[in-house]
Amino acid sequence: MTIAALPGNVRLRAFQLGLQSTWGTPVIATRRVPWTFTPGFDLHWTFPTADTGTLDRAQNPYRLASDVDGQTAGPLAFNDTPGMWSALLKGGITASGGGADKTWGPYNPASTSQDPFDIYTAEWGDDTTDQYQLSEGVINRAVLEYPEDLGPVMATLDWYFGNVVGPGSGFTRQALAVDYVPNWVYAADTSLYIDSTAGAIESTQLVNTLHGATLTIDNALDKKRFINGSNTRFQLAGYGRGARMISLALTNAKS
């Protein structure tokens, strides 16, 4: 006899994104990215500590503001970088060029003003109804590791989301496929330039010295919540930019 395979296969988990145009209105995901997603949903259900005259919890818990976070990790491909940079640094960037060969950027984040955000809807789940839809997603922190084995850059991205729906409630995860022949961002193709003035960038290359590197961008985003008396009261209302910190750690030859 034949039997059906048990559902819930880890290999059938998928994480995919769609560019969202309106806060509070999730969209259909249009791109599946080859990253592992680790969710961190906390709706902060809290039990009262009142003197109820019982040894057991006698009152229902109450809600607090939700924290819907998550982390993606995996090798970085060039076609996945526009979404990463727009969710991390600056939204509203349009592509130039025609056909499949498009150029995105430059992503020059403002320092004395606040750039707009690009927000994303994410879908994540496996081959069961244990699937989630997360909306208003931005990247709070990114760590890009350039390995000494010269392989693809490994991207670890910490996401903030405004809301989560699920599991398996009110939406259907789209049947998408990853890019089977990705053009990876290789550490082997990276060059290091160090110049004393911004106008001279990419004029002084250091050759045969860089073994590995780690680039960290921390936005220190502020989650905005307001007392507005609505049925979305536990969801985020927006983000504020914080004191951005950018650090670059290099592993160089002694010379």
With the side chain counted from C-beta on, respond yes when Ser86 and Ile93 share a heavy-atom pair under 4.5 Å apart, and no when they do not. no
Identify the heavy atoms of Asn219 and Arg244 that sit nearest to each other, and give their distance. OD1-CD, 3.6 Å
Would you check if there is a donor-acceptor pair between the side chains of Ser135 and Asn163 at a distance under 3.5 Å? no
Identify the residue among Asp42, Val164, Leu43, Leu236 that makes a side chain to side chain contact (heavy atoms under 4.5 Å, CB included) with Ser66. Leu43
More than 12 heavy atoms of other residues, nucleotides or ligands under 6.0 Å from CG of Asp101: is that the case? no
Look up atom CG in Leu250 and atom CG in Asn252, then write down how far apart they are to the nearest 0.5 Å. 5.0 Å
Heavy-atom count around Asn60 CG within 6.0 Å, excluding the residue itself: above 12? no
Modelled atom types, side-chain donor and acceptor of Thr128 and Asp126, under 3.5 Å: yes
If you compare all heavy atoms of Thr251 against all heavy atoms of Glu148, which two are closest, and at what distance to 0.1 Å? CG2-OE2, 3.9 Å
Would you call Val153 and Trp184 a side-chain contact if the rule is heavy atoms closer than 4.5 Å? no
Using the benzene-type ring in the case of Trp, are the ring centres of Trp23 and Phe117 under 6.0 Å apart? no
Knowing that exactly one of Phe15, Phe41, Phe161 qualifies, which makes a ring-ring contact (aromatic ring centres under 6.0 Å, His included) with Tyr132? Phe41
Drop me the distance from Asn140's CG to Asp158's CG, to the nearest 0.5 angstrom. 7.0 Å
Can you confirm whether Arg57 is buried at CZ, in the sense that more than 12 heavy atoms of other residues, nucleotides or ligands lie under 6.0 Å from that atom? no
Test side chain to side chain contact (heavy atoms under 4.5 Å, CB included) applied to Lys90 and Trp85, step by step: CA-CA 7 Å; Lys90 183 177 182 178; Trp85 291 125; over 6 Å; no
Please give me the minimum heavy-atom distance between Ala220 and Ala243, naming the atom from each residue. CB-O, 3.9 Å
For a quick check under 3.5 Å, do Thr121 and Gln20 share a side-chain donor-acceptor pair by atom type? yes
For Gln174 against Glu123, the heavy-atom pair lying closest together: N-OE1, 3.0 Å
Just checking Leu64: does its CG atom have more than 12 heavy atoms from other residues, nucleotides or ligands closer to it than 6.0 angstrom? yes
What closest approach, in Å, do Gln59 and Pro48 show between heavy atoms, and which atom pair accounts for it? OE1-CB, 3.4 Å
One thing to verify: whether Asp80 and Arg31 come together as a salt bridge, which I'm taking to mean a side-chain N less than 4.0 angstrom from a carboxylate O. yes
Interatomic distance, CD1@Ile217 vs CG@Leu88, rounded to 0.5 Å, equals 5.0 Å
Would you say that Tyr146 contacts Leu210 through its side chain, given a criterion of any heavy-atom pair below 4.5 Å between the two side chains? no
Please give me the minimum heavy-atom distance between His44 and Ala65, naming the atom from each residue. CD2-O, 2.9 Å
